[in-house]
Structure formats: structure tokens, C-alpha cells
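Written out below as C-alpha cells is the structure these notes cover.
This is a predicted model, so every value here is computed, not measured. The figures here come from the full heavy-atom set of this structure, side chains too, leaving out hydrogens, waters and symmetry mates. Positions are given from 1 along the sequence.
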Amino acid sequence: MNAFDERFLTRNGLAARQLAVLLLNHEPDTRLPRVRDYAEELGCGNGTVQAALQLLEESGAIRTTARGHLGTFLAHSDRSILWRLSGLGTLLAAMPLPYSRRYEGLATGLRGAFEKAGAPFAITFMRGAGARTAALLEGKVDLVVLSRFAADELIAEHPVELVADLGPATYVGAHGMLLRHGVDLDTPGLRVAVDHASEDLRMLVDRVFAGRRDVELLEASYMQLPDLFARAEVDATVWNLDEVQDRLGFGVDVLPLGDEVTRELSLRNSSAAIIGRTDGTKALTAVRDSLDLPLITSLQREVLEGTRLPSY
């Protein structure tokens, strides 16, 4: 820590760190709240706020300009300096394993967007939305990437909230029914593979085979699926087609999903969502206001089209 950073350990410096968090939510050329408004929000005096603003200006984090009766405006901000001084630290996001080009593109887009926002960012990979959410609730990660459908389910049950919805086809290209060639879907005792680590796939299987008490559910992961079909140990499943592309042999037929409800469910599953803990409101607000969501999807599309190499 250099001599300047030590100044941020003083009372004025601690106020400057709090101000840095608030200023992450301001775009340049916007009017800043009054000093006394900041003082009230931070629970300190006007003089402390003025000293904190001066510290931030001297650090190169911001530059302000007074416009008479219009108030004080933020003329310039360096988000990377603001983020460093805010003490929010490096954000760690948990994603699904990068086994598909779509996930590689998503990771590439997230990295690019966080770099543009000036926020330190790292990615870890975990299989299963439940495992990723458990890591979030335990404070091991700051953000989790999952489907919008799974996000809605978890938000209703846990103290987590939506940070961003990236739109259709950003999480999964399509879901489909996989059926072993020659097997009749109405066959009694149909053996159906299901991965309970994936909330999306579990719900889709439940919906597709609702009312079928004769089917036998067999636990399986996507890595086992080609072998299980090849050995005729499973007859059918509903799966993310990104995962099985080019991995299934000729003995498996891919069928579209049936009814409108299932198709709607599948569409919600196709959208990538980012969630965070509700007790991390300051960081989540900063992330929401900082992330360039179109940049994420644009970089992902370039990776899918093969015009950009994955980088994450």
C-alpha cells in the first residue's frame, strides 16, 4: 500500500470509499447529489464528504465541475479506480462447465463486459444450478449464471435477486426429446434419463412425462448420455441440445418438444440470468449499472459464429 492509499484508512478516506461505491452508479455529465444529501446518506458531516470528494479527485477516480445554480456535475470518472477504492474487491462468478460453444461465448462476453466496466472479475465453473446457488449463499462466489427459469425458482426460495437477464438463446440454443431409435415413446416402462443436478432439465422431464407413472427415471449426467444410449440402457430423455451436439450416434432420434407449455418453459430455460445475494446490494447495484449487456451477447454471438476465439 502506498502513502496515498493509506489516506483511505482515515475517517475521510473511509467516507471516500463509501462515496466511490455510490459514484459507480453515476455516468459522466450527470448532476451529483448535494453534499448534505451525501452526508445524510453516509451518516457523516458535510466537511467529511467534501474531504472525501477531494481525495477521490486527487486519486484520479473522478473529476467534478460546478455549474452555478445547476449544482455539481460529474465531469469524468475512472471506474477501475473507483472500483479499487470502493473495496468491493474481485467479483467471482460461477458458471456451468464450459462444454458448449455457447457457454464459452457467454464466459467470453462476461469477461469483456466486466473489463469494460473496470471491475475485477473471475470465473469459476460448477456443474448444477443448485451447487452454484449453494456456493452463492455460502459466500464462496458473488454471482451465479444460470437459466432465467432456474433463477425465478431460486429467487422465490432464497435471499437472492436478479442482476441481469441476457435474453433468449443466451443460455441454451434449444431443448429436445432424445429417443433411442426404434423405441415407441408410449412403451410401458420407458427408461428416461434425468440429471437432478440440473433444475431446468429436471423440470422439463417432469413436464414432458407428467402423468406417466409407468416410466422409470434413471439418474445420468450429460457426460454419460452417449454411452447409455449406445448400450441401450436408457430409452429417452429431454436434454440441452448444445450438450449432445456431435456426441450422439445414429441410434438416437432428436424430436421437438411437444405442447405449448413445454415450449414456453423451454424458451425461459434458454435465457441466461445472473443472480446475486440480496445482502450484497451495493455491489449488485454497481454491477447492474456497469455491465454492458449488449456487449455480452455480441461477444457470445461472435464466438458462436467462429469470428472470435473464446477468452475467459
Side-chain angles (χ1 to χ4, degrees), residues 24-28 77-80 82-83 86 88-127 129 132-133 135-136 141-152 154-155 160-175 198-200 240-243 245 266-277 280-312:
L24 281 168
N25 305 324
H26 282 276
E27 292 294 326
S77 68
D78 186 320
R79 302 187 71 85
S80 62
L82 280 175
W83 199 279
S86 72
L88 293 175
T90 298
L91 292 172
L92 180 61
M95 276 194 61
L97 302 179
Y99 48 71
S100 73
R101 206 66 167 172
R102 196 174 307 276
Y103 287 164
E104 288 191 309
L106 186 53
T108 301
L110 286 170
R111 175 163 293 283
F114 274 97
E115 285 180 353
K116 180 184 177 185
F121 176 71
I123 302 174
T124 186
F125 299 99
M126 297 182 191
R127 179 170 169 264
R132 295 194 294 278
T133 303
L136 178 67
V141 301
D142 303 297
L143 301 167
V144 161
V145 179
L146 68 178
S147 75
R148 177 59 193 266
F149 178 78
D152 288 343
L154 293 166
I155 288 170
V160 296
E161 60 184 81
L162 185 70
V163 177
D165 181 332
L166 299 177
T170 51
Y171 192 71
V172 175
H175 287 91
S198 168
E199 187 71 10
D200 305 318
N240 169 2
L241 298 185
D242 289 338
E243 295 180 1
Q245 189 175 26
S266 182
L267 182 62
R268 289 174 63 201
N269 281 354
S270 80
S271 297
I274 304 172
I275 61 172
R277 289 186 304 279
T281 302
K282 289 181 179 177
L284 296 187
T285 301
V287 169
R288 283 195 190 94
D289 293 344
S290 302
L291 277 188
D292 183 345
L293 301 186
L295 176 63
I296 298 174
T297 54
S298 173
L299 293 177
Q300 182 188 40
R301 186 166 54 251
E302 290 176 10
V303 170
L304 283 169
E305 294 171 350
T307 58
R308 175 182 291 273
L309 291 175
S311 176
Y312 51 90

Using modelled atom types and a 3.5 Å cut-off, is there a donor and acceptor pairing between side-chain atoms of [X] and backbone atoms of [Y]?
| X | Y | answer |
| --- | --- | --- |
| Arg277 | Val141 | yes |
| Arg132 | Ala93 | no |
| Ser298 | Leu295 | no |
| Asp142 | Leu92 | yes |
| Arg102 | Leu304 | no |

*Evaluate the side-chain contact (heavy atoms from CB on, under 4.5 Å) criterion for residues Ile155 and Glu161: first the C-alpha distance (whole Å), next the side-chain angles of each, then the deciding distance (0.1 Å), finally the verdict.*
CA-CA 6 Å; Ile155 288 170; Glu161 60 184 81; 5.5 Å; no

Going by atom type alone, with no hydrogens or angles, which donor-acceptor pairs under 3.5 Å involve a side-chain atom of residues 108-118 and a protein atom two or more places apart or on another chain?
from   : atom 1 : to     : atom 2 : distance (Å)
Thr108 : OG1    : Glu104 : O      : 2.8
Thr108 : OG1    : Ser311 : N      : 2.9
Lys116 : NZ     : Asp292 : OD2    : 2.6

On a heavy-atom basis, which atom in [X] and which in [Y] lie closest, and how many Å separate them?
| X | Y | answer |
| --- | --- | --- |
| Pro120 | Trp83 | CD-CD1, 3.1 Å |
| Ala169 | Gln300 | O-OE1, 4.5 Å |
| Tyr171 | Ser271 | CB-C, 3.6 Å |
| Thr90 | Ala122 | CG2-N, 4.1 Å |
| Ser77 | Leu82 | CB-CD1, 4.0 Å |
| Leu162 | Ala273 | CD1-CB, 3.8 Å |

Can you tell if the side chain of [X] reaches within under 4.5 Å of the side chain of [Y], non-hydrogen atoms only?
| X | Y | value |
| --- | --- | --- |
| Val145 | Ile123 | no |
| Leu154 | Leu146 | yes |
| Leu97 | Tyr103 | no |
| Ser270 | His175 | no |

Drop me the distance from [X]'s [atom1] to [Y]'s [atom2], to the nearest 0.5 angstrom.
| X | Y | atom1 | atom2 | answer |
| --- | --- | --- | --- | --- |
| Asp165 | Leu293 | CG | CG | 9.0 Å |
| Ser100 | Asn240 | OG | CG | 6.5 Å |
| Met95 | Ile274 | CE | CD1 | 9.5 Å |

*Verify side-chain contact (heavy atoms from CB on, under 4.5 Å) between Leu106 and Leu166, making sure each step is shown before the conclusion.*
CA-CA 10 Å; Leu106 186 53; Leu166 299 177; 3.5 Å; yes

*Test Asn269 against Val172 for side-chain contact (heavy atoms from CB on, under 4.5 Å), laying out the working first.*
CA-CA 7 Å; Asn269 281 354; Val172 175; 5.7 Å; no

*Go through Leu299 and Arg308 one step at a time and tell me if the side-chain contact (heavy atoms from CB on, under 4.5 Å) criterion holds.*
CA-CA 8 Å; Leu299 293 177; Arg308 175 182 291 273; 3.3 Å; yes

